[in-house]
J.: 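Have a look at the structure that comes next, please.
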Amino acid sequence: MNTQRCMRLIVGCLVIVAMAKMFLRPSSSKGTSSDSHQIIQGGPFWANQHIPQLKLGHNEEDPVKKEHADNTEVQPEEKETIHSNQEELEPEVPDDTPLAPLKIVHLDLKGAAPKVKYLEKIFPLLSTLGATGILLEYEDMFPYEGELSILKSSFAYSVEDIKEMKSLAKRHKLELIPLVQVFGHLEFVLKHEKYFKLREVETFPNSLNPQAQGSMDLVQDMLTQVMKKHPEAKWFHIGADEVRGLGESEDSKRWLETNKGDLGKLFLNHVTAVGRFMNKLKRGIKLILWDDMFRKVSSDTIKESGLQDLASPMIWKYTPNMDVKEIGNYISKYEQAGFKGVWFASAFKGASGIDQKWTPISHHLKNHLQWHKVIQSMPQYKSVGYQGIALTGWQRYEHHTVLCELLPVAIPSLAVCLQTLKNGSFDSEAKKEVERLLGCQIELSKNECKGASFPGSDVYEMVKKIKDDLESSVKKIMQNYHVKGSFSPYHRKRSFGNPRNLAFFKDGLKKLMDEWDSFLLTFRQNMEAIFYPDTLEEWLEENVNEHIDRLHEMVVDVERIIKLNGQPKVDPSKER
């Protein structure tokens, strides 16, 4: 019995010890089965990664938490960084590119920038017409701050204006894409004496010297300020077209001497550096740049630069007889260079004449019909996709040139082009839709939209009247029999004339002046509702003042000479 009791006691103790071990086992050992370990460590991405533990000193704050707490940069919240051999890896960014290619309307703000109140009326119309985005080329209309405040126009948009534009775009489902030039077409920056030293050609403000000390700092500052106002942007256009004079500075010549004179590489080095900076500024940002500067650069050189991993080229061509085959050659080249996507750029205005006042609708329609052919051909390219098309609306050919057509004047052209892209042609259905939305009758043969009622149609109609009638009405009265015979420049200079002869046209001349004065008063009011004072002043100076001033001077002279009652002519030299 004693032996049995001892055995039972020993077994009982063993059971108690086993149960104690089971319940007291550390919780950290749970879930470490070989299966779960295989899930965590398996897979190509995680297998070779070493994730160091964060070591903090006494009372030391987690630097990751501190960075997010203090972060005032544009960067969105990032995932935990994973380290391998002390090198930071870029986090994977999901591709959220829209399934359908974008149709974006380009607003060139380097002249005749519309007020936000006008955009409030235009954005819903653009969306209804088929646009899915806005390409906003800020130039000097961005409210630059600090050292860059010198760049902004006197009428630059305010921070509140930008917020409102973003809100309008979002409300009408328009993707807003900022555009900031970083190389060529930097006239609005390099015109300032402060930045003369950064010019590629000392006497020309066109292009940035990529080798000059301070050039990249300038570009980065501009991009950072704009990106800070557009932290939600998915796309960003960095321009980089028409880099005039590249390679002519002493800095660039020295660089070329040691790099086999490779201009293409000189160009690519700068834009690639910009691209890398932008990806640090905001991970996953999709960059666009104009393609013209690397049309003559080999696909291998482009591939070596790494640009194809940072940006997409926007192939542009604005002519009505555009060579579709030529565009195809560019696409093939960029596909070989490793680009995953391409953009196209057509034009709905501002590309048919450096001082064009009236938009030739048929000209731009033909351009879009050619682009539609290119778009239809895209399935043949296996490794490069079509990402979208920008319908450009140039307001100037460059910063120092005159205004092209005002935006309201080009709305009919824009509507025709958008509907052409939507329908594949400007057929009866597309025409009917444009006429319904604009409240007008499209006459392609006359490049007109008769009876329009779209936002800004009052300016559209009045610009047409000025174009058609102002100069011709002044010329007509100058051809009057009595004006030619009794009111010549010689007569006016010498205050010499017969009051009887002058009376034959005086009332008609004054009536014409009064009619135009009244008309232009209304025109000013309508323009001021859409544009800032500098636009009105420039447009009048370029298109109106010469003719109106002539009328006013004629009225003053005819009234003055009539009062002289036909007295002998005056010797101008004695009047001095």
Side-chain angles (χ1 to χ4, degrees), residues 111-112 352-360 396 401-406 408-410 443 446-450 452 456-528 530-531 533-564 566 569-570 572 575:
S352 60
I354 197 167
D355 61 345
Q356 185 71 264
K357 300 177 186 66
W358 192 252
T359 310
R396 300 186 196 278
T401 59
V402 298
L403 292 172
C404 299
E405 314 99 291
L406 298 171
V409 171
E443 293 190 12
K446 297 181 179 180
N447 290 311
E448 289 183 18
C449 177
K450 289 193 171 182
S457 58
D458 46 5
V459 168
Y460 175 88
E461 297 288 358
M462 299 184 90
V463 167
K464 184 178 183 302
K465 180 173 176 60
I466 291 170
K467 173 185 74 77
D468 291 346
D469 298 340
L470 177 55
E471 184 177 2
S472 61
S473 67
V474 175
K475 284 184 176 180
K476 183 178 179 180
I477 203 163
M478 294 291 289
Q479 295 302 311
N480 176 279
Y481 173 85
H482 292 288
V483 171
K484 290 174 66 177
S486 302
F487 197 60
S488 69
Y490 180 88
H491 288 87
R492 293 170 63 186
K493 188 175 183 179
R494 289 159 179 77
S495 302
F496 183 61
N498 185 334
R500 179 179 179 277
N501 297 339
L502 303 185
F504 283 114
F505 64 84
K506 186 196 76 169
D507 291 343
L509 178 64
K510 192 170 186 308
K511 180 182 178 184
L512 180 64
M513 182 191 72
D514 290 342
E515 287 175 349
W516 278 114
D517 282 348
S518 176
F519 176 87
L520 289 171
L521 180 62
T522 304
F523 177 71
R524 281 177 173 273
Q525 294 169 347
N526 291 336
M527 284 282 286
E528 287 170 351
I530 298 175
F531 298 109
D534 59 336
T535 298
L536 177 59
E537 177 190 9
E538 181 178 353
W539 202 89
L540 290 175
E541 185 67 35
E542 293 291 338
N543 302 288
V544 172
N545 292 355
E546 175 187 356
H547 311 297
I548 286 296
D549 289 349
R550 179 177 292 182
L551 278 179
H552 279 262
E553 289 166 3
M554 288 175 70
V555 169
V556 168
D557 282 354
V558 75
E559 290 180 340
R560 175 176 56 80
I561 295 173
I562 284 176
K563 291 178 181 178
L564 297 176
K569 60 187 173 185
V570 175
E575 284 192 332

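Throughout, residue positions are numbered sequentially from 1 according to the sequence presented. The shown structure was predicted, so the numbers you read here are calculated from the model rather than taken from an experiment.
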J.: Does the side chain of I466 reach to within under 4.5 Å of the side chain of L520, using non-hydrogen atoms?
T.: yes
J.: Mind checking the CG-OG1 spacing from D458 to T522? Nearest 0.5 Å is all I need.
T.: 10.0 Å
J.: Which heavy-atom pair separates F531 from A112 by the least distance, and what is that distance?
T.: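 The pair with the smallest heavy-atom distance is CE2-O, 3.2 Å.
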J.: Should the heavy atoms of other residues, nucleotides or ligands under 6.0 Å from CZ of R500 be counted, would the total exceed 12?
T.: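 Incorrect, the count does not exceed 12.
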J.: List the atom of V570, the atom of S495, and the distance in Å for their closest heavy-atom pair.
T.: CG2-CB, 4.2 Å
J.: Output, in order, the C-alpha distance, side-chain angles, deciding distance and verdict of side-chain contact (heavy atoms from CB on, under 4.5 Å) for V463 and F523.
T.: CA-CA 9 Å; V463 167; F523 177 71; 3.9 Å; yes
J.: Minimum heavy-atom separation for D557 to F487, with atom names?
T.: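 Taking every non-hydrogen atom into account, CB-CZ, 3.7 Å.
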J.: Is there a side-chain contact between D517 and H552 (heavy atoms, below 4.5 Å)?
T.: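 Counting from C-beta outward, D517 and H552 do come under 4.5 Å.
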J.: Under a 3.5 Å distance rule, please check whether S486 uses its side chain to pair with a backbone N or O of V483 as donor and acceptor.
T.: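 Not confirmed, S486 side chain does not pair with V483 backbone.
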J.: In Å and rounded to the nearest 0.5 Å, what is the NZ to CG distance from K464 to D469?
T.: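 Answer rounded to 0.5 Å: 7.5 Å.
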J.: Below 4.5 Å, heavy atoms only, C-beta onward: do T359 and N447 meet side chain to side chain?
T.: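 Side-chain contact under 4.5 Å: no.
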J.: Would you say that V409 contacts K357 through its side chain, given a criterion of any heavy-atom pair below 4.5 Å between the two side chains?
T.: no
J.: Restricting to non-hydrogen atoms, name the atom on I477 and the atom on L509 that form the minimum distance, rounded to 0.1 Å.
T.: CD1-CA, 3.5 Å
J.: For residues 537-546, tabulate all N or O donor-acceptor pairs below 3.5 Å that involve a side-chain atom, not counting sequence neighbours.
T.:
residue, atom, partner, partner atom, Å
E538, OE1, R396, NH2, 2.9
E538, OE2, R396, NH1, 2.7
E541, OE1, N545, ND2, 3.1
N543, ND2, W539, O, 3.0

J.: In terms of the angle between their ring planes, are F504 and H482 parallel, tilted or perpendicular, with boundaries placed at 30° and 60°?
T.: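 It falls in the parallel class, under 30°.
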J.: How long is the gap from CD on E405 to CG on D355, to the nearest 0.5 Å?
T.: 9.5 Å
J.: Of all the heavy-atom pairs spanning E448 and K450, show the shortest one and how long it is.
T.: OE1-CE, 3.2 Å
J.: Are D507 and K511 close enough, and set up right, to give a side-chain contact (heavy atoms from CB on, under 4.5 Å), and what steps lead you there?
T.: CA-CA 6 Å; D507 291 343; K511 180 182 178 184; over 6 Å; no
J.: So, the side chain of S518 versus the backbone of E515: is there a donor-acceptor pair under 3.5 Å, distance only?
T.: no
J.: Within the distance-only criterion (no hydrogens, no angle test), does the side chain of S488 pair as donor or acceptor with the backbone N or O of H491 below 3.5 angstrom?
T.: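 Here the side-chain-to-backbone pair exists.
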J.: Relative to the ring of W516, is the ring of F519 parallel (under 30°), tilted (30 to 60°) or perpendicular (over 60°)?
T.: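 Perpendicular: the ring planes of F519 and W516 meet at over 60°.
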J.: Got a second to check how far M513's CE is from S473's OG, nearest 0.5 Å?
T.: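 If I round to the nearest 0.5 Å, the distance is 12.5 Å.
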J.: I'd like to know whether CZ of R524 has more than 12 heavy-atom contacts from other residues, nucleotides or ligands below 6.0 angstrom.
T.: no
J.: Assess whether atom NZ of K476 is packed by more than 12 heavy atoms of other residues, nucleotides or ligands within 6.0 Å.
T.: no
J.: Could you give the distance from CG (L521) to CG (N526), rounded to the nearest 0.5 Å?
T.: 10.0 Å
J.: Heavy atoms, side chains only, cut-off 4.5 Å: are P499 and K506 in contact?
T.: no
J.: If you take all heavy atoms of R550 and M478, which pair is closest and at what distance?
T.: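 Distance-wise, the nearest heavy atoms are CD-SD, 4.4 Å.
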J.: Once rounded to the nearest 0.5 Å, what's the spacing between atom CZ of F505 and atom OH of Y481?
T.: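 Taking CZ in F505 and OH in Y481, the distance rounds to 13.0 Å.
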